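Some notes on the structure that comes next.
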Protein chains: 2
Amino acid sequence: MADTSRSPQPRYGARPTMKDVAARAGVGLKTVSRVVNGEPGVTPDTERRVREAITGLGFRRNDSARVLRKGRTASVGLVLEDLADPFYAPLNRAVEEVARDHGALLINGSSAEDPEREQELALAFCARRVDGLLIIPAGRDHRYLEPEIAAGIATVFVDRPAGLIDADAVLSDSMGGAREGVAHLIAHGHRRIAFVGDQPRIHTASERLRGYRTAMAEAGLPVDESWVSLGPTAPEHVRAEVDRVLSGPEPVTAVFAGNNRVTVTAVRVLAERPHPVALVGFDDLELADLLGITVIAQDAARLGRTAAEQLFRRLEGATEAPRQTVLPTRLVARGSGELPPRPGA
Amino acid sequence: MADTSRSPQPRYGARPTMKDVAARAGVGLKTVSRVVNGEPGVTPDTERRVREAITGLGFRRNDSARVLRKGRTASVGLVLEDLADPFYAPLNRAVEEVARDHGALLINGSSAEDPEREQELALAFCARRVDGLLIIPAGRDHRYLEPEIAAGIATVFVDRPAGLIDADAVLSDSMGGAREGVAHLIAHGHRRIAFVGDQPRIHTASERLRGYRTAMAEAGLPVDESWVSLGPTAPEHVRAEVDRVLSGPEPVTAVFAGNNRVTVTAVRVLAERPHPVALVGFDDLELADLLGITVIAQDAARLGRTAAEQLFRRLEGATEAPRQTVLPTRLVARGSGELPPRPGA
DNA sequence: TAGAGCCTGGACAACGTTGTCAAAGGCGGC
DNA sequence: GCCGCCTTTGACAACGTTGTCCAGGCTCTA
């Protein structure tokens, strides 16, 4: 038989509210709020009664209501290309750390390099009223964010600049890095060098191609357009393209790989070849040291940290004009980029 | 001079609400709500006026308020160990995909293997009123979640089981996988095999150790406790431990590495050794094929997908008793695990 | 032409929290 | 013993949305 005189117990599916806690503790609503938020002006005895009621009911403050009332959500959104990409994972983590240091939670999602999905995600985050937005853009037009930015959502672009709007951005030196990598191959005697990269609508891809062309031009070397491959980075496609540039009457003697996904496939294809082919890849890889792969390394964690810090600077009120920060890359020579051209090739 | 007859314009920092939209369109509040949510009962002409007002003001529905009213947030929280760990990144992505298919957003965070941080994150997600929670536990006591689960937050544990509460879990067959890997080394002639793994309070670590002991026992082989190393997986520590088990009068001839972080360090250490030492690692690695590393592979994406699907089944009302799902592992022989013991060793 | 019924639109309360403000109670000083 | 001040507490509105319910105007039929 039910004891009707008993205090209310937690029921399945029912969330106790501050009102319930107040009733059980025999105090007013606001007093509960004060205890929950550690505000002063509550006697130890009252506080104890409230805390007992909280524990007894299994109460947890509803942050949705709190957000509604306060206007700040203490959360930031991160739109990146692929959560599973080993290049973006450390970036993601670095952003999370900075957010944590500022007491904010992180919501994130993958655009899968699809501009529509990027927009969908970014706007969904805005609807949740994230305080700030970090975006690794897939699209080239970000005017859809203008009302959001005007309404006060701080926005920082990472890895690639914003399109058609003026906003903070933190980038790696794609052009400079690729130029250095290709110059490295040239310095080791290569004259015919392939560039296998991502789709040209992606800013970093076209910048890296520009670095390739610059290095070739600076060395006075012609570029045969058949050496250049820009397209999806799915293994099958890259495999076909690497095979292609290595075939024909005058095959290339070296390959510059435009990003980590291209590099891993290129390494596999080159390993199957009878003759060694030089390779430099953009982005470092785990275990690349053991495989002797020469790369242009970028510090993804630093990219994420720098961007997140800029975001929180904005949230704390910084109002200077949008700023573009470019972080340097670093050539890491491990062997594959130092192979000379095959004699007679 | 300001044109006071003009309709209200978006002001910096001010968010238009449905009320503002209604005023500008000259309709009632609820009509705006109907248009925004695609509810029927609005004439095309009224709808057009409302849409114009929405665009003109840059209105976006405040989902915090919506959540408060509706009770569901259409978001799930994922607590994992390290967003940057290559093993968890695909899991993260898989969860995101499933969430997306169900129209939910993903909030996530790294516990850094710290039980307190796990709890802090999980409860923060609960305060945000996520609909469901996916947890890769760091701690061994999850009773702190009881009130949350009672209040209706669906919870599924991933990769490791829940501690002291009865809840859904999706795991890999750690014990079976390790047993198979060690048996594989034994089959190739090894008698003295080291186990280098993570801290024993981590469930998967102790299960894998159990697999190791089982395989050794089944082969009738003794285990010298100096061959077993359980501790932090920071490179320096693993390096020291691998060096240790390979030294002494009767060094081991093979190493079983308890997870991906141990494996990468072990590979580096073994590469520096004058004599080859056999190695099998738990978890697959990118480029492991090129390095010829034999591994026990688990399908992290499948782990995440399975867990997320179970979560959404619960959210859609499934009420069976909590279920533990164990996914199989797979031995991938690539060379390092098939090396025979050094003759005379 | 009147009445019935349908379709569109709006007024109002509620979700759970926090900020404002005022009341009650205790205590010290004169 | 009374006044005034400070401390503790609570009542109430508001945040922006959605659900409920009702009103008004229209069409269609008898």
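Please read all numbers here as calculations on a predicted model, not as lab measurements. Here is how names work: the chains are called A, B, and so on, in the same order as the sequence lines, proteins then strands, and each is numbered from 1.
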How many whole angstroms separate atom CZ of A/R34 from atom P of D/dT7? 13 Å
Output the rounded distance in Å from CG (B/L68) to C1' (C/dA13). 13 Å
Quick one: label B/T46 by what it contacts on the DNA or RNA (base, sugar-phosphate, nothing), any heavy atom closer than 4.0 Å. sugar-phosphate
How about A/Q310 and A/T325: does a side-chain donor come under 3.5 Å of a side-chain acceptor? no
Nearest whole Å is fine: how far is C/dC15 P from B/D63 CG? 20 Å
Side chain to side chain, A/I136 and A/Y88, heavy atoms closer than 4.5 Å: yes
Measure from the side chain of B/A65, starting at C-beta and using heavy atoms only, and say which of D/dT18, D/dT17, C/dG19 lies closest. D/dT17
Residue B/E39, side-chain atoms from C-beta onward, closest of D/dG10, D/dG16, D/dG19: D/dG19
Counting N and O atoms only, with roles assigned by atom type, does the side chain of A/T55 sit under 3.5 Å from a partner on the main chain of A/R51, one being a donor and the other an acceptor? yes
To the nearest angstrom, the CZ-C1' distance between B/F59 and D/dG16 comes to 8 Å
Side-chain atoms of B/T43 come closest, of C/dG9, D/dG16, D/dG10, to C/dG9
May I ask you to verify if any side-chain N or O of A/R66 is less than 4.0 angstrom from the OP1 or OP2 atom of C/dT18? yes
Please tell me if B/N62 has a side-chain N or O lying less than 4.0 Å from either OP1 or OP2 of D/dC15. no
Remember a base hit wins even if backbone is also touched, and classify A/V27 as base, sugar-phosphate or nothing at under 4.0 Å, heavy atoms. sugar-phosphate
Given D/dC21, is OP1 or OP2 found less than 4.0 Å from the side-chain N or O atoms of B/K30? no
Classify A/N37 by what it touches in the nucleic acid, base, sugar-phosphate, or nothing, heavy-atom distance under 4.0 Å. sugar-phosphate
Expressed in angstrom and rounded to an integer, what is the separation of A/R129 atom CZ from C/dT17 atom C1'? 18 Å
If you look at every strand shown and take non-hydrogen atoms under 4.0 Å, does B/V36 touch a base, only sugar-phosphate, or nothing? nothing
For B/E47 and C/dT8, what is the distance between atoms CD and P respectively, to the nearest whole Å? 12 Å
Donor-acceptor contact below 3.5 Å, side chain B/T73 vs main chain B/G71: no
Please report the distance, rounded to the nearest Å, between CZ in A/R48 and P in D/dT8. 16 Å
Between B/E120 and A/R100, is the closest basic N to carboxylate O distance under 4.0 Å? yes
Residue whose closest nucleotide on DNA chain D lies nearer the 5' end, A/G26 versus B/K70: A/G26
I want to check one thing: is the phosphate of D/dG10, taken as OP1 and OP2, less than 4.0 Å away from some side-chain N or O of A/T31? yes
Picking from C/dT17, C/dG16, D/dG10, the nucleotide nearest the side-chain atoms of A/R61 would be C/dT17
Distance test, side-chain N/O of B/T17 to OP1/OP2 of D/dC15, below 4.0 Å: no
Proximity to the side chain of B/V42 - top-ranked nucleotide from C/dG9, D/dT9, D/dT17: C/dG9
C/dG9, D/dT18, D/dG10: which one has an atom nearest the side-chain heavy atoms of B/L29? D/dT18
Between P on D/dT17 and CZ on A/R69, what's the gap in Å once rounded to a whole number? 16 Å
Between B/T17 (side chain only) and B/R15 (backbone N and O only), is there a donor and an acceptor less than 3.5 Å apart? no
